[in-house]
Amino acid sequence: MKLYLNDTSPFSRAVLATAYLCDAPMVLEWVDPWQTPCTLVAVNPFSTIPVLETSDGVALTESLTICEFLMQAYPTEKLTVTKASDTQRMSLLGVSKTLMEVAFRCAALSRFEAEQNELTIRGKEGIKRSVKALIGQLNNNDDLLGPDFSTLYLHVALDYVLFRHANLLSAEERDILTTALHNSPFKDTLAKLSLESLSKKLSYCEYENA
């Protein structure tokens, strides 16, 4: 299998972490989707990442779809699949995915347009409200940070918020999130797949052997 990814994409990081935890065999193809490379367009006409090209030549897009495929194809005790019947976990997964999408969109829009773009303003306000709500959940639920896929997605989303939008949060909020991530069951995995590590664009084997 081949995974098309970018070093600064939180969606790519979530998929790579899932693949790593599932011990899924694959090759990494580092691409810049903003340059619309022919290799990426050939498997995904939208030129977005991540994309997983399966061993039978089928292209899977959208990070949750790819992660679900990997967890079903390569089940592991290291990563528990979020059960549809667990409404709290499903809610956490949805909030984490939306937080990641909004945080990414705000960062991307800032590259091309003024900070006062209405979508950016609304997105940043949503990020602040979402973080406050998540902190409330973290303070009131000791089981929230279990070895579940929803926790992995939450970890990646919060990491990205702290990386791109730390200025939107108070010092106390940043400290609370940093402590929560330190207690995450995926701390070691995501430390190995840190943004600094991903910037080196290593091969999959090099990450496995790191």
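This structure is a prediction, so every number in the text was calculated from the model and none was measured.
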Check [X] against [Y] and note the closest heavy-atom contact, atom names and distance.
X	Y	answer
F186	G146	CE1-O, 4.1 Å
T48	L40	O-CD1, 3.9 Å
T36	S47	CA-OG, 3.4 Å
V15	L70	O-CD1, 4.1 Å

Are [Y] and [X] connected into the same hydrophobic cluster when the rule is that any two of I, L, V, M, F, W, Y join if their side-chain heavy atoms are below 4.5 Å apart?
X	Y	result
L60	L5	yes
V81	L16	no
M26	Y4	no
L162	M100	no
L145	V95	yes

Exercise for the section: Walk me through it: do S199 and D7 pass the test side-chain hydrogen bond (donor to acceptor under 3.5 Å, both in side chains)? Expected result: CA-CA 5 Å; S199 68; D7 57 319; 5.4 Å; no
Problem - SB check K192 E208 (cutoff 4.0 Å) - result: no
Problem - N-O pairing of D159 and R13 below 4.0 Å - result: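 Yes, this pair counts.
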Handout entry: Aromatic ring proximity F11/F104, centre distance under 6.0 Å
Key = yes
